[in-house]
Enquirer: 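One structure coming up, written as structure tokens, with questions to follow.
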Amino acid sequence: MENPNRYSPAETEKKWYAHWENSGYFHSEPDEREAFSIVIPPPNVTGVLHMGHMLNNTIQDILIRKAKLDGKNTCWVPGTDHASIATEAKVVQWLRAEKKLRKSDISREEFMEYAYQWKEKYGGIILKQLRMLGAACDWERTAFTMDKGYHDDVITVFVQLFERGKLYRGQRMVNWDPEALTVLSNEEVLHSEEKSFLYHINYRLADGEGGIVIATQRPETIFADVAVAVNPKDPRYKKLVGKKVLIPLINKEIPVIADNYVDIEFGTGALKITPAHDPNDYEVGQRHGLEIIDTIADDGKLNENCAFQPLVGLDRFEARKQMKGFLEAAEVLVKMEEYTTKIGRSERTGAVVEPKLSLQWFVKMAELREPSVRAVMKKEVRFYPDSFRNMYRSWMDGLRDWCISRQLWWGQRIPAWYLKTESAGKETQVFVAKSAEEALEKAKNLTGNKNLTLDDLRQEEDVLDTWASSWLWPISVFNGFQDPEGAFKYYYPTSVLVTGWDIIFFWVARMIMAGYEFKGEKPFSKVYFTGMVRDKLRRKMSKSLGNSPDAIELLEKFGADGVRYGLLSSSPAGGDLMFDEKLCENGRNFCNKIWNAANGAVLGWQVAKTAENEEVARKNALAVKWMQQRFKQVLGELDKNFKDFRLSDAAQNLYSFIWDDFFSWYIEMVKPSFGQPIDKKTYDATIRFFSEIMVALHPFMPFITEDVWHKLSERKTGDDCMVQQYPKKGKFDKNLLATVESAKDIIVKIRELRNQNQLKPKEPLQVFVSNSASSQALFATPGLKEMVEKMAFLESLEFADGEIPNSKSFVSGTEKYFVVLNQVIDVAAEREKLEKELEYQRGFVAGIERKLSNEKFVAGAPAAVVEAERKKMADGLARMAMIEESLRSL
RNA sequence: GGGUGCUUAGCUCAGUUGGUUCAGAGCAGCUGCCUUACAAGCAGCGGGUCAGCGGUUCGAAUCCGUUAGCGCCCACCA
């Protein structure tokens, strides 16, 4: 059964999200206000909400809502990425399961149609899920990297880059994914240590005795060997250089060459050279003018070029396994060593990546690099935290050309055309243009053949790397290519980008490059890097490990506000988050606390008319003043933390202010006693505080704050928490805050004394404070005495001029207090306690004395510091005197 | 191999310019409470040689050096 004292988020969240959306709060159009824009890191269109998304999007939502409350015109553009390789795989799977079709059965055009169908039906679930989280996205601007307009932009940019000479087609060693049958960029290859073997294989001399033993991890590639290389300085092999050796099993003659690349120390010091299947060997081969023999087909199986028939058609790993037997039979396998090495795997398919020589399209990165490096190093684009600049820098320095062609269908097809008369892969002329018609014009001009028709041209089959479209995201979502004077002008550069540091190279760096290359301007001013969400064992949360909690279940269990708070409370910029449901539990409990304070406490109070209750109002005035000042102070801290993107700190500021100061102290201070009404003045002030606090908390916990905002008071249509003005920080009265802190200290110490003496929390007590100038001054504060009496449940609080019998004493500040106990006091225990305290004070004073007697300290430290030390010492001495007095009187 | 970061309470981490407020927070733990909004709660408490060593300074968790352990990024060692 539903407990009426508990906040139930489900319906509340649905209700208010719909209300915001219907009120048009999410949509933005340019106007005279300052713009605050964020573009979402577009999740894969195939994606579903996971922990990383929740963290990332909560942060964006907080920034957007805060900026809105600050009066800015906020625009958060949502959308999805077509994710060519991942989506194509899904579509292929779906076609097989649902339509009984294989990709090879249908044409490219048919496939694209199906792909769009799939996208309409299953794509973008994540955008609906973001609504559950509370994301204040401008849904009218939802973008997709394969939308018509976006697609055209990608094509435009490709043509531009080509015309600027920053794009070329060339034969290079690339990373090949034999499963997805496409090339991958370096960033799409993940390296990890894996166990393998180092095979020592003897290559016999073609003429004469003996041979040379090489070490390799890939014995199946020996049929592509074109040489054996040794270091020219290696005395062991000097005599062999220039001789011929035989590849085992096929007895093909290859030369022994000398190259400095070979490490004398490693393995046997002799290296087989296989230019087709290893990037280093390729370079060695180039240096020595060696032939290239490609023995592995696109699908990873050994092909006909492999002159050893038994292995042709086998996958390279199967072939490797069988090689062992063949080599043993041929008596050339000298030994097998266990060996750990880094293996590259495809980020998407997990397949072991093959280095492969291939004809692909590349962007010349050297030409795009400079402005982007400068922008980050000079902090025109600021990174939070700063330290990621180093990572960015070193990556940019080592930048190699970016392979942007992919052998897939789902994506923007490269706008390049060739003459059909030239065979594929051997083209001498290429015509790059936005359309086939324009390409034809170019072809006519360049070839001088005016009779060419569209039928004479053949379009490039490859599509573009997904990142070659998403790098335009901040420009294209605002239509910056087709209408640069419209929304683009107003919203660009965007205010801040919020993303995980794992895609700093894939995406962040490239967006910066695109911004400068195509618009001459940065795409965003600030980048907030979120950490990775990890489990308790520090493992990155991932589907394959199954260690990620279900995001939707979490939202249902703890409420969106609870989850948001939980994720935020312990997640500084750049720092990883060790996720624990406990965090969300905290958030949920916080919601419940707010709920109860509003509905159970404040709204349940009877309110008296002002005239009837002047007396109560006067007593409460100190608490009200304190809350005002304290709130201003906290708003100052919040402001600073927001400016520095210290959102976890801001969340904690609010949490402890609301829970401790507002609920545990303030509400208790002004709470009317049982059956009594509260005065109207204090009540109104309390409602005002509570409302403003809801606004201050709104960016973090939008749903419950909106709900409570409306419960606290009758609100007119459109008077919603989401569109208020954020409460203003301001100067606060430090003395008043200190005075109330003194009162709180007294209260806490009396409570402590109760606990230690097994007194009931509400048993009325008599307390005396020793009469002194300082105690007179403190209690001259109007309302202070009443505050202490109420909060500590005192019967009376009076001044006293001497020791009070039958009492226990404590010191707060520089005043001494006596709590009268109606019980026998254990003198020995009390003496021991006091002596312990005296000892502590003595040490405290001695420490300060040492400092102050050091001339260099007095001379060198700022006057304020020295003064403070003097005051500390005087207070310490005063406390010692009071304790000594108590000891004497015992 | 090159870079870069971290080590603070049992756990996860703050600690910004070296200086009262600096040794903190949350969680966990302990004690006492179903108290009048809230047991998803209330009141209170105990935990740390700030990784080790050395230095700079009147003063170091904070700056410098060094050792140890851990992490991350980049790189082609078969």
Side-chain angles (χ1 to χ4, degrees), chain A residues 3 5-7 173 186 191 198-199 214-218 229 261-263 265-274 278-283 339 341-342 355 387-388 390-395 397-398 501-502 504-505 536 538 558 562 569-572 574-580 582-583 585-586 588-605 640 644 646 648-649 652 655-656 663-664 667-668 671-675 738 741 748-749 751-756 758-762 848 851 854-862 864-869 871-872:
Chain A
N3 185 332
N5 294 328
R6 287 182 188 182
Y7 167 62
M173 206 51 156
N186 287 338
H191 297 271
L198 208 49
Y199 297 76
I214 58 93
T216 181
Q217 292 183 70
R218 306 200 57 188
Y261 165 70
V262 183
D263 181 350
E265 306 294 323
F266 190 90
T268 62
L271 173 64
K272 73 191 202 62
I273 298 298
T274 321
D278 184 284
N280 295 306
D281 290 12
Y282 175 74
E283 305 222 332
Y339 188 67
T341 187
K342 290 228 167 151
S387 52
F388 282 108
N390 292 329
M391 204 168 122
Y392 175 86
R393 174 78 197 236
S394 69
W395 185 74
D397 284 348
W501 53 257
D502 53 333
I504 187 167
F505 307 137
K536 283 179 226 170
R538 290 185 178 276
F558 297 108
S569 62
S570 162
S571 180
D576 287 357
L577 169 68
M578 243 56 70
F579 183 76
D580 187 335
K582 204 91 202 161
L583 295 168
E585 218 173 291
N586 266 344
R588 179 200 60 184
N589 293 354
F590 189 30
C591 287
N592 204 45
K593 184 75 184 176
I594 294 169
W595 177 256
N596 274 303
N599 297 292
V602 177
L603 292 169
W605 294 341
K640 188 165 186 335
D644 297 340
R646 300 173 71 98
S648 290
D649 290 357
Q652 279 173 30
Y655 182 88
S656 63
F663 295 155
S664 294
I667 296 278
E668 293 300 325
K671 186 161 89 179
S673 34
F674 190 63
E741 282 311 308
V748 167
K749 284 186 166 135
R751 286 172 177 170
E752 192 180 341
L753 220 137
R754 276 184 195 276
N755 261 336
Q756 285 166 357
Q758 283 88 44
L759 295 175
K760 289 252 157 60
K762 288 191 176 170
I848 301 170
K851 249 190 201 177
N854 182 339
E855 281 168 36
K856 286 185 183 166
F857 171 72
V858 180
V865 174
V866 178
E867 197 43 53
E869 291 296 312
K871 171 94 168 67
K872 263 163 67 182

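In this text the structure is predicted, and so the values were computed from the model without any measurement. The chains referred to below are lettered A, B, ... by the order of the sequence lines, with proteins before strands, and numbering in each begins at 1.
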Enquirer: In whole angstrom, give the distance that lies between atom CG of A:Asp397 and atom C1' of B:C73.
Expert: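 Result: 14 Å.
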
Enquirer: May I ask you to say what A:Lys342 touches in the nucleic acid, namely base, sugar-phosphate or nothing, with a heavy-atom cut-off under 4.0 Å?
Expert: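 Counting heavy atoms under 4.0 Å across all strands, the contact made by A:Lys342 includes a base.
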
Enquirer: Students often get this wrong, so: under 4.0 angstrom with heavy atoms, is A:Lys762 touching a base, only sugar-phosphate, or nothing?
Expert: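 Here A:Lys762 touches the bases of the nucleic acid.
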
Enquirer: Which residue, A:Val748 or A:Phe674, contacts RNA chain B at a nucleotide closer to its 5' end, judged by nearest heavy atom?
Expert: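 The answer here is A:Phe674.
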
Enquirer: Please classify the nucleic acid contact of A:Asn599 as base, sugar-phosphate, or nothing, using heavy-atom distances under 4.0 Å.
Expert: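 Answer is nothing: A:Asn599 stays at 4.0 Å or more from every strand.
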
Enquirer: Using a 4.0 Å heavy-atom cut-off, does A:Val262 contact any base of the nucleic acid, only the sugar-phosphate backbone, or nothing at all?
Expert: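 If one applies the 4.0 Å heavy-atom cut-off, A:Val262 turns out to touch a base.
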
Enquirer: Looking at the side chain of A:Asp263, which of B:A78, B:U16, B:A43 is the nearest nucleotide?
Expert: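 Looking only at heavy atoms from C-beta outward on A:Asp263, the closest nucleotide is B:A78.
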
Enquirer: Need one value for A:Ser656: base, sugar-phosphate or nothing, where a base atom within 4.0 Å counts as base even if backbone is also close, heavy atoms only.
Expert: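 No contact.
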
Enquirer: Look at all strands and tell whether A:Glu668 reaches a base, only sugar-phosphate, or nothing, counting heavy atoms closer than 4.0 Å.
Expert: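 Here A:Glu668 touches the bases of the nucleic acid.
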
Enquirer: Counting only side-chain N and O atoms of A:Tyr339, is one of them less than 4.0 Å from OP1 or OP2 of B:A78?
Expert: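 A:Tyr339 to B:A78 OP1/OP2: side-chain N or O found under 4.0 Å.
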
Enquirer: Hey, which of these two, A:Gly269 or A:Lys856, hits RNA chain B nearer its 5' end, going by closest nucleotide?
Expert: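 This one resolves to A:Lys856.
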
Enquirer: With respect to the phosphate group of B:A43, does any side-chain polar atom (N or O) of A:Lys760 fall under 4.0 Å of OP1 or OP2?
Expert: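 Indeed not, no polar side-chain atom of A:Lys760 lies that close.
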
Enquirer: With a non-hydrogen cut-off below 4.0 angstrom, is A:Ser387 in contact with a base, only sugar-phosphate, or nothing?
Expert: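 No contact at all - A:Ser387 keeps every heavy atom at 4.0 Å or more from the nucleic acid.
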
Enquirer: Regarding A:Ser673, tell me which of base, sugar-phosphate or nothing describes its non-hydrogen contacts under 4.0 Å with the strands shown.
Expert: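 No contact.
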
Enquirer: Regarding A:Arg588, tell me which of base, sugar-phosphate or nothing describes its non-hydrogen contacts under 4.0 Å with the strands shown.
Expert: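 Since a base atom lies under 4.0 Å of A:Arg588, the category is base.
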
Enquirer: Kindly compute the distance separating CD (A:Glu585) from CG (A:Asn592), expressed to the nearest 0.5 Å.
Expert: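 Reported to 0.5 Å precision, the distance equals 11.5 Å.
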
Enquirer: To the nearest Å, how far apart are A:Asn755 CG and B:G44 P?
Expert: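 One finds 8 Å between P of B:G44 and CG of A:Asn755, rounded.
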
Enquirer: Rounded to whole Å, please give me the gap between CD in A:Glu585 and C1' in B:C38.
Expert: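 Rounding to the nearest Å, CD of A:Glu585 and C1' of B:C38 are 16 Å apart.
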
Enquirer: Do the side chains of A:Lys749 and A:Glu752 get close enough for a salt bridge, i.e. N-O under 4.0 angstrom?
Expert: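 No salt bridge links A:Lys749 with A:Glu752.
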
Enquirer: Looking at every strand, decide which applies to A:Phe590 at a 4.0 Å heavy-atom threshold: base, sugar-phosphate, or nothing.
Expert: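 No contact at all - A:Phe590 keeps every heavy atom at 4.0 Å or more from the nucleic acid.
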
Enquirer: Dot-bracket for RNA chain B, 5' to 3', with Watson-Crick and G-U pairs under 3.5 Å, [ ] for crossing pairs and | for other-strand pairs: what is it?
Expert: (((((((..((((.....[....)))).(((((.......))))).....(((((..]....))))))))))))....

